[in-house]
Trainee: 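Dropping the structure in here first, questions after.
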Amino acid sequence: MKVYQTNEIKNIALLGSKGSGKTTLAEAMLYECGVIKRRGTVEAKNTVSDYFPVEKEYGYSVFSTVFYAEFLNKKLNVIDCPGADDFVGSAITALNVTDTAVIVINSQYGVEVGTQNIFRTVGKVKKPVIFALNQLDGEKSDFDNVVEQMKEIYGNKVVLVQYPLATGPSFNSMIDVLLMKKYSWGPDGGVPVIEDIPAEEMEKAQELHQILVEAAAENDETLMDKYFEQGHLSEDEMREGIRKGLVDRSIYPVFCVSAAKDMGVRRMMEFLGNVVPFVEDMPAPEDVEGREVKPDSNGPLSLFMFKTTVEPHIGEVSYFKVMSGTLTPGVDLDNVNRDTKERLAQIYCVCGQIKTPVDKLYAGDIGATVKLKDARTGNTLDAKGCDYRFDFIKYPAPKYQRAIRPVTESDAEKLSAILTRMHEEDPTWEVEQSKELKQTILSGQGEFHLRTLKWRVENNDKLPIIFEEPKIPYRETITKSARADYRHKKQSGGAGQFGEVHLIVEPYTEGMPAPDTYRFGNQEFKMNVRDTQEIPLAWGGKLVVCNCIVGGAIDARFIPAIVKGLMDRMEQGPLTGSYARDVRVCIYDGKMHPVDSNEISFRLAARNAFSEAFRNANPKVLEPVYDVEVVAPDEVMGDIMSDLPGRRGLIMGSSSEAGFQKIQAKVPLKEMESYSTALSSFTGGRASFSMKFASYELVPGDVQDKLLKEYAEKNVEE
């Protein structure tokens with residue numbers, strides 16, 4: 001195939017809600033530019049995009065698919081992204097390595113919550129937006145209503161390039177107000193008949209053409225002056241104005257397509273080839289040092305690895321963008337993230353699972369290679385003398401968790417290797433070996449996201465696994481002061497063990513004054529603080545230890561052992577075995593033996609004294625509470641508002657944004673375990689949510705009693 005220069009390359013992300021028809025549109029684009037001779041369908045499971053077994057099994061896109069189209073002497077690199085919110089990581093990755101977003105909207109349903117989520121994601125990376133109104137041949141298609149909705153949400157930046165003469169099953173023609181021509185198709189779509197605009201449509205077409213001309217002229221002072229002088233712009237001038245408007249996001253062009261019937265697709269591709277920005281037209285990305293890295297083919301060679309897959313009969317495939325320089329096969333590069341070397345024996349242009357070897361890729365281009373030794377998603381590969389490093393992709397926090405384990409315990413190591421590999425393929429799958437919960441916790445964007453992983457592990461890797469509800473990382477603390485003492489004494493011939501510790505515990509808050517005097521019953525205990533240790537805890541909060549021992553009752557060399565004993569109980573709280581936090585301990589007295597006292601004796605004495613004092617200090621269990629934000633259309637708000645209180649959620653407020661409602665609430669993590677599935681169920685998949693850790697709060701009394709009972713029963717069983 002032809003080698004394309006940087007100024008001939010355009011990179012495009014194909015995005016849209018689940019069911020908007022992206023995969024079908026991608027198929028039509030490939031057909032129009034001659035890459036495929038026959039269009040596949042999702043139903044027949046023979047499309048270029050959805051070629052992995054799991055995608056064929058479930059009937060929806062799971063992975064982003066890279067393909068290219070040679071069109072109008074340009075190379076269009078397109079990344080077709082999954083529509084389900086569970087796979088948002090693919091869309092985020094694609095947007096960071098492409099330059100224009102084509103957002104596909106199902107004209108039967110209009111702007112959906114998924115569309116809004118995608119648009120916000122595009123806005124964060126400040127990329128140009130083109131809307132493609134698809135399925136205009138659908139029974140429920142309502143073009144005018146959808147455009148009105150889009151303008152309410154996105155404002156006057158929404159500008160029509162085309163409008164249909166009819167929608168529904170009779171859709172077969174449209175007016176293009178950029179070229180001022182009528183396009184019409186036969187029943188099988190494909191090549192259109194291009195005619196003059198009928199007289200009855202001329203007034204409407206001229207009005208929309210004028211709006212488009214003004215939108216194009218607004219982005220360039222020279223064009224604006226010409227427009228005022230002449231009252232019109234040439235086609236090339238309009239293209240230039242629209243291109244500048246796309247770059248600064250002041251115009252969102254709208255196109256009409258029926259991807260299933262291949263109507264309007266070629267015209268949209270002409271616009272992509274002629275008008276949308278080239279790689280070099282967009283602001284240059286920055287490396288971790290804040291240096292702009294322009295796509296200069298004569299610059300130092302640097303690649304960013306943005307995607308890794310394991311494909312049947314091939315093995316590991318690594319996808320990259322040439323950030324700078326010119327890449328040729330056989331080059332040796334340094335992996336600056338892992339301090340290793342890689343040789344790219346072959347380089348390919350990719351079209352789904354079809355890999356075409358190429359001799360050269362210039363800056364800005366997207367390609368792939370196979371069987372790299374150590375490169376992973378997110379790594380930067382540099383030629384000798386180049387020190388670029390990129391880290392510009394930021395993924396959202398997980399929303400759904402499950403504990404995962406193999407059916408056969410001996411397969412634990414094998415499962416760990418599989419999960420590591422799958423995280424490298426999709427960084428939004430996060431894996432944690434939780435020492436606290438004694439579980440392997442798998443986190444993702446939703447129930448479908450994790451179900452997909454389970455299917456792949458069991459079907460591709462032939463390893464049966466079990467999903468379980470993850471334990472909740474509760475915390476324990478105290479609410480009042482208490483004292484206790486404990487003597488550890490053991491004699492079994494020869495040297496024995498002896499250690500006695502007297503201590504007081506109290507709740508710790510940041511900035512509280514040093515301990516002075518405590519009273520328990522008729523006894524008063526005056527503290528003389530000799531030393532204070534503040535120990536920040538890895539799980540949050542602090543343990544503060546005050547050495548108030550006078551008269552040498554305990555030798556200073558035993559204090560570290562006492563602190564270790566206290567930490568033993570902080571790591572396994574007396575109530576539920578959860579981590580404890582925010583406790584101050586005053587060690588004020590004790591006894592030792594000149595022969596039998598040793599570190600283990602004082603460690604055990606401190607551990608037991610702390611447990612007793614903790615239980616007497618009105619202990620409480622804390623639970624993690626999350627800030628939850630739900631975005632949904634008006635008609636499902638009632639269901640959401642009535643569901644959250646049943647999850648012990650506290651609704652903090654609500655607001656409206658671009659035609660949708662947003663609810664803010666605080667909800668305990670325990671009650672969010674099945675929320676992803678439940679929300680999708682009772683809203684018909686029309687709502688989405690995000691969650692972020694807020695704080696630890698006291699659990700209600702009945703919940704604490706239940707937790708203590710469960711812990712006690714578990715200890716009896718063990």
Side-chain angles (χ1 to χ4, degrees), residues 397 434-437 472-484 501-520 524-550 556 559-588 606-607 609-628 650 652 664 666-670 691-701 703-704 707:
S434 176
K435 174 187 171 185
E436 175 185 3
L437 304 179
I472 301 299
Y474 292 108
R475 299 285 181 263
E476 298 179 18
T477 194
I478 54 178
T479 58
K480 70 174 188 177
S481 304
R483 65 163 297 280
V501 173
H502 298 224
L503 53 78
I504 293 171
V505 300
E506 66 179 334
Y508 173 75
T509 55
E510 203 69 46
M512 65 189 297
D516 184 15
T517 303
Y518 297 94
R519 181 177 293 277
F520 299 99
E524 188 176 89
F525 298 84
K526 190 166 182 61
M527 299 293 110
N528 182 11
V529 181
R530 298 176 57 193
D531 179 55
T532 299
Q533 290 185 57
E534 283 195 10
I535 304 171
L537 304 171
W539 52 89
K542 286 183 179 179
L543 167 67
V544 178
V545 182
C546 297
N547 180 357
C548 304
I549 297 170
V550 293
I559 296 300
I562 292 173
V563 173
K564 284 182 181 178
L566 299 176
M567 280 299 298
D568 288 343
R569 273 292 166 250
M570 294 294 285
E571 290 181 0
Q572 189 175 4
L575 296 182
T576 63
S578 305
Y579 288 147
R581 57 176 286 167
D582 298 327
V583 178
R584 183 160 73 179
V585 182
C586 297
I587 309 162
Y588 67 90
R607 183 191 299 177
F610 180 82
S611 292
E612 183 182 339
F614 196 98
R615 288 194 178 93
N616 293 331
N618 195 22
K620 295 291 182 183
V621 177
L622 305 170
E623 65 180 342
V625 174
Y626 278 66
D627 285 325
V628 177
L650 180 63
M652 307 302 292
Q664 291 85 27
K666 290 189 179 294
V667 188
L669 178 62
K670 173 68 177 173
M691 54 188 287
K692 182 180 179 183
F693 173 75
S695 61
Y696 271 91
E697 305 291 344
L698 295 175
V699 301
V703 176
Q704 176 161 321
L707 291 171

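Along the sequence shown, residues are numbered consecutively beginning with 1. Bear in mind the structure is a predicted one, so any value in this text is a computation, not a measurement.
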Trainee: Once salt bridge (Lys or Arg N to Asp or Glu O under 4.0 Å) is applied, what residue pairs with a partner in residues 529-538 remain, sequence neighbours excluded?
Mentor: Glu534-Lys542
Trainee: So, using side-chain contact (heavy atoms from CB on, under 4.5 Å) as the criterion, who are the partners of Ala694 when residues are at least two apart?
Mentor: Asp627, Lys666
Trainee: Among residues at least two apart in sequence or on other chains, which ones pass ring-ring contact (aromatic ring centres under 6.0 Å, His included) with Tyr626?
Mentor: Phe693
Trainee: Can you name the side-chain hydrogen bond (donor to acceptor under 3.5 Å, both in side chains) partners of Glu524, sequence neighbours left out?
Mentor: Arg519
Trainee: My understanding is that only residues two or more places apart in sequence, or in another chain, count here; which of them pass side-chain hydrogen bond (donor to acceptor under 3.5 Å, both in side chains) with Glu436?
Mentor: Arg475
Trainee: Would you list the pairs meeting side chain to side chain donor-acceptor pair (under 3.5 Å) in which at least one residue belongs to residues 561-578, sequence neighbours left out?
Mentor: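 Pairs touching residues 561-578 that pass the test: Glu476-Thr576, Asp568-Arg603, Asp568-Arg607, Arg569-Ser611, Thr576-Ser578.
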Trainee: Applying ring-ring contact (aromatic ring centres under 6.0 Å, His included), name anything that partners Tyr508, two or more places apart in sequence or on another chain.
Mentor: none
Trainee: Which residues satisfy the ring-ring contact (aromatic ring centres under 6.0 Å, His included) test with Phe614, sequence neighbours excluded?
Mentor: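 Listed in chain order: Phe610.
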Trainee: By side-chain contact (heavy atoms from CB on, under 4.5 Å), which residues pair with Val529, not counting sequence neighbours?
Mentor: Pro515, Thr532, Cys546, Cys548
Trainee: Output all residues satisfying side-chain hydrogen bond (donor to acceptor under 3.5 Å, both in side chains) with Asn618, sequence neighbours left out; order by chain, then residue number.
Mentor: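 Counting only residues at least two positions away or on another chain, Asn618 forms a side-chain hydrogen bond (donor to acceptor under 3.5 Å, both in side chains) with Thr479.
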Trainee: Not counting sequence neighbours, which residues clear side-chain contact (heavy atoms from CB on, under 4.5 Å) with Pro700? List them please.
Mentor: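 Scan of Pro700 (side-chain contact (heavy atoms from CB on, under 4.5 Å), adjacent residues dropped) gives Glu623, Arg648, Asp702, Val703.
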Trainee: Residues in side-chain hydrogen bond (donor to acceptor under 3.5 Å, both in side chains) with Tyr474, at least two apart?
Mentor: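 For Tyr474 there are no side-chain hydrogen bond (donor to acceptor under 3.5 Å, both in side chains) partners, ignoring immediate neighbours.
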